[in-house]
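Because the structure is a prediction, the values reported are computed rather than measured. Chain naming here is simple, since letters A, B, ... match the order of the sequence lines and numbering starts at 1 in each.
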Amino acid sequence: MPRPGFVLEVDRSTPPTLFWHGEGFRLEKLPTGSRVVYPPEPHEALDDPRGAIRHALANPLGTDPLAALLKPGMKLTICFDDVSLPLPPMQAPDIRQMVIEEVLDLAAQAGVDDVVLIAALALHRRMHDHELRHALGKRVYDAFAPHGLLLQHDAEDPDGMLHLGTTDQGEDVEMNKRAATSDLIVYVNINLVAMDGGHKSVATGLASYRSLRHHHNVRTMQHSKSFMDQHRSELHSSNWRMGRHIAAQGVKVFQIETTLNTDTFPPQMSFLQKREWEWTARDRAAFVAVSRSLERAPDRLKRSIFHSVKAPHRMTSVHAGEVEAVHAATTERVYAQQLVSVEGQTDVLTMGLPYISPYNVNSTMNPILVSCLGLGYFFNLYRGKPLVRQGGVVIMSHPTPWAFNPVHHPSYIDFFEQVLADTTDPVEIEAKYEQQYATDPWYIHLYRTGHAYHGVHPFYMWYWTAHALQHVGAVIVVGGEPRSVRRLGFKPASTMADALAMAEDVVGRDPSITHVHTPPLLMADVT
Amino acid sequence: VRALVFERSVPRYAAAMLASRLSPGGGARVGPLRLATDHDEPELPGGGWRRVRPRLSGICGSDLATIDGHSSRYFEPIVSFPFVPGHEVVGTLDDGSRVVIEPVLACAARGIDPPCPPCAAGDNGGCHNIAFGHLEPGLQTGFCESTGGGWSTGMVAHQSQIHPVPGDLSDEDAVMVEPAACAVHAVSSLGLTGGETVAVIGAGTLGLLCVAALAALPDAVRVMVAAKHPHQRDWARKLGAEVVVDPGELTRAVRRHRGAMFTGSSVAGGAEAIVDCVGSSDSLRSALEVAGHRATIALVGMPGSVQLDLTPLWHREIRLAGAYAYRHDTFPAAFDLVRRHGLGQLVSATYPLDRYADAVAHAAAAGRRGAVKIAFDLRDERPH
């Protein structure tokens with residue numbers, strides 16, 4: 001029986017706490033009285049995931065079984081989450097492969113022969129072939145890709161998008177034309193965190209900039225408290241309006257959502273997921289061996305080592321059917337795995353940031369993504385109220401190198417050099433620069449023909465931090481490259497002790513300190 | 001007179017080259033430059049010549065190249081040894097009036113009549129006769145044995161080289177007039193008509209002055225500057241640059257502002273003009289990357305030997321043009337430019353002749369040390 005998450009109060013006997021630090025780790029001795037929030041242990045995986053998938057397809061929520069919806073001569077489009085999920089990429093077989101194979105078997109039995117697969121990229125980069133093969137499995141990939149039936153959503157294809165009108169709030173709804181004109185869309189999700197899935201799958205994953213700008217903006221993010229809590233998230237409200245509008249236009253979506261346990265790293269790195277005082281001699285030896293090897297390794301090798309990690313996390317649930325019914329059931333499972341009750345906010349919130357975020361799989365964790373991971377994702381992993389109090393301090397641990405992948409993140413480089421050199425205020429950035437980047441023909445060219453995130457994507461990453469930037473009094477980065485950290489508008493500190501001393505300038509002496517212990521992911525239920 | 005004298009000495013020249021590799025400006029300590037306390041004041045070469053007591057005299061990039069042994073052998077026939085460096089000079093005539101020297105030693109100063117065609121057209125920088133006439137060879141005052149130079153307490157100048165300094169300008173302003181004239185000339189050679197994008201590479205003295213000159217054009221152009229150091233970036237903005245970036249960011253910045261595409265590492269549809277104030281292989285490569293079709297690259301920084309792939313120059317029909325010195329009638333505009341911006345503020349530090357090695361080291365590391373123009377201050381200098 002997995003143990004639930006809990007909050008440890010640090011005392012003199014507490015061993016140093018493990019912090020992620022990019023492609024490495026730090027052990028930090030937190031002051032006595034600090035709190036460390038530990039995540040729940042990974043839930044039991046389904047014994048028979050394929051059987052569970054078949055059961056979900058045959059017994060969907062709020063709709064007829066999938067087999068009953070499949071007819072000969074129909075136009076079927078199967079959409080799936082892209083490389084940003086899950087994190088890290090999972091060991092084969094990937095959930096998408098298992099689900100899509102079952103869906104295709106049903107389609108074949110029903111005599112459906114017009115089937116297209118679409119990677120629901122939104123404005124993310126196109127997946128590399130090896131990533132598609134991994135997500136879909138060799139059998140599916142080889143059956144579709146050579147025939148041009150495995151597509152990647154292209155939000156800038158003027159002939160490939162369809163405007164479906166506007167919501168009652170005047171939001172443009174423009175989505176992938178092939179999907180919108182299909183008799184049925186089957187959307188295959190991997191719900192890593194509570195934000196994922198629901199109407200967001202189609203309304204965001206298959207949308208264009210014209211549509212996305214209505215909810216991927218500063219105002220929405222500042223009114224999503226948090227975007228991991230659907231009922232207090234303007235991001236979700238907008239997506240739900242769009243999703244319902246899409247349904248009202250006659251577009252049928254059969255939603256499949258899956259949840260994973262948080263068994264995130266393979267055995268040789270299992271110490272990452274253990275509570276430090278429970279480390280065995282083997283764990284300590286593994287930690288020392290891994291840490292020392294990483295210290296000596298060049299950056300490129302370290303990146304290569306970490307990005308080759310395939311997570312052993314496994315499916316804990318699968319629900320299928322009507323979007324909202326499915327998503328409600330899924331969200332319960334996500335919360336059950338990730339929620340930890342925490343009493344009261346903290347003056348100082350510390351977090352160790354890993355080498356990976358949704359937007360740098362097989363790529364470089366550039367400073368904008370560091371900021372987004374810490375202030376966008378980790379900060380927002382709360383329900384109720386933020387873990388850190390209004391005006392408090394966030395301390396993030398990450399090397400934050402001034403480094404970018406020019407193939408994947410070309411507009412990020414410009415954003416860092418031009419936009420953040422001018423201002424870090426999300427509102428000003430949005431007003432002054434977003435249009436220029438969103439419509440830049442060079443970025444559009446690279447998004448459509450290469451493997452580049454859309455020109456506007458770094459803006460979204462910065463907007464993701466807008467709630468945190470509005471809420472906290474200061475952000476300090478421990479061990480970060482000073483010039484990168486300053487460009488982000490944050491303060492660099494060499495050590496955690498320095499950072500805590502600097503934080504006292506903002507929140508006063510003897511502050512309360514809370515550390516979010518990851519991996520794996522957790523979500524604080526703050527009362 | 002007290003003077004810094006540069007002599008012909010091959011061993012010292014070699015030592016300077018070596019020393020400068022360890023520390024830029026290091027050539028001043030071991031090279032052919034020495035302080036002479038009893039250097040012979042130059043004779044007046046003839047009628048129309050005047051004695052000048054330098055007050056401030058700047059240290060220029062070409063001076064540093066000479067002292068550190070990096071200057072091209074191209075100059076050998078157009079300099080004469082020993083010479084007293086210093087061609088950015090504000091000084092006093094015997095009647096006490098202040099003057100700025102226009103250092104080019106053209107036909108008039110050399111007593112050559114009729115003048116060569118460029119001189120006849122007022123284009124002194126293009127004079128054919130800089131090695132001839134009644135002066136020793138020397139392209140400018142500061143490189144000619146006959147005239148002395150600004151790094152001394154006494155020199156001579158021909159009346160054709162003299163520009164009176166208006167009373168409202170400080171000595172610091174006045175010493176910036178000669179380099180400002182270079183900038184005005186370089187910018188005017190671009191033939192801009194307004195609306196163009198102009199990239200300035202390098203933001204030392206000349207780069208900043210070019211920015212000021214570009215911003216002063218009657219028909220506005222968009223000025224983008226690649227500047228290495230924070231104070232240079234601040235100055236570039238103050239002087240009118242619209243976009244200021246780190247040198248490594250220039251190509252992307254030009255692409256962004258042009259709304260253009262990249263072809264390889266080159267901006268497809270780049271800037272109409274580039275002012276290269278560095279003159280290195282790297283700066284020229286950068287200039288070629290951002291230059292648009294039929295763009296002009298003005299080479300303002302004194303180059304030496306460079307290695308460069310000229311394929312983009314050929315393919316995009318880019319014009320690579322030197323920009324040396326100025327016309328005689330460039331100086332009024334230079335005075336205006338200096339007055340408008342108070343460019344004397346760019347004089348970051350002054351040194352007495354005794355501390356010439358420190359002065360040269362400071363000038364050679366001006367960017368890193370937060371400085372722009374370093375000059376010798378002769379106002380309190382003893383004559384001997």
Side-chain angles (χ1 to χ4, degrees), chain A residues 156 209 364 366-368 401-423 429-430 432-459 462 481-489 492, chain B residues 197-203 211 222-238 240-271 282 285-286 289-293 312 316 367-368 370:
Chain A
E156 292 288 349
Y209 169 67
T364 308
N366 64 56
I368 298 160
W402 188 305
F404 294 83
N405 183 314
V407 173
H408 294 155
H409 302 120
S411 69
Y412 279 67
I413 305 173
D414 287 330
F415 183 89
F416 201 62
E417 290 178 353
Q418 181 190 28
V419 179
L420 292 184
D422 180 24
T423 175
I429 286 172
E430 183 178 49
K432 194 169 171 184
Y433 291 106
E434 182 184 303
Q435 270 303 302
Q436 175 197 334
Y437 278 66
T439 57
D440 188 312
W442 173 241
Y443 303 141
I444 291 172
H445 170 77
L446 294 178
Y447 162 78
R448 297 195 65 193
T449 64
H451 295 278
Y453 281 85
H454 193 275
V456 80
H457 201 261
F459 289 76
W462 201 252
E481 189 175 317
R483 66 184 187 129
S484 301
V485 172
R486 290 197 183 97
R487 177 59 61 90
L488 293 169
Chain B
T197 297
V198 184
V200 178
I201 299 175
V211 172
R222 167 177 274 183
V223 183
M224 305 181 69
V225 181
K228 203 169 174 183
H229 302 286
H231 71 289
Q232 294 176 335
R233 291 195 274 271
D234 290 344
W235 267 114
R237 286 188 198 96
K238 274 188 215 168
E242 186 179 330
V243 177
V244 184
V245 298
D246 188 83
E249 300 173 3
L250 180 67
T251 317
R252 285 186 292 275
V254 171
R255 187 210 67 76
R256 278 196 307 267
H257 285 82
R258 300 288 291 179
M261 309 288 270
F262 270 124
T263 44
S265 59
S266 292
V267 180
D282 284 346
R285 197 172 297 121
S286 179
E289 283 177 350
V290 302
H293 181 60
R316 300 209 296 281
R368 277 190 289 115

Six-ring centre of A:W402, A:R487 cation under 6.0 angstrom, axis tolerance 45°: no

Residue pair A:F415, A:Y433: steps toward the side chain to side chain contact (heavy atoms under 4.5 Å, CB included) verdict: CA-CA 9 Å; A:F415 183 89; A:Y433 291 106; over 6 Å; no

B:R233 (side chain) donor-acceptor with B:A227 (main chain) under 3.5 angstrom: yes

Residues of residues 242-253 of chain B near chain A, each having a heavy atom less than 4.5 Å away: B:E249, B:R252

Proximal to chain B - members of residues 440-448 of chain A, heavy-atom separation under 4.5 Å: A:D440, A:P441, A:W442, A:Y443, A:H445

Per-residue contact mode, B:A268 against chain A (heavy atom under 4.5 angstrom): neither

Distance-only side-chain donor-acceptor flag, A:Y412 / A:N405, under 3.5 Å: no

Side-chain (B:R258) to main-chain (B:G270) donor-acceptor, under 3.5 angstrom: yes

Donor-acceptor pair, side chain of B:Q232 and main chain of B:H229, under 3.5 angstrom: yes

Residues A:F416, A:F404; criterion ring pair (Phe, Tyr, Trp, His ring centres under 6.0 Å); working and verdict: CA-CA 10 Å; A:F416 201 62; A:F404 294 83; 5.3 Å; yes

Heavy-atom side-chain contact between A:Y437 and A:Q418 under 4.5 Å: yes

Residue pair A:H454 / A:S411: nearest heavy atoms and the distance that separates them: O-OG, 3.5 Å

Heavy-atom side-chain proximity of B:E289 to B:F262 below 4.5 angstrom: no

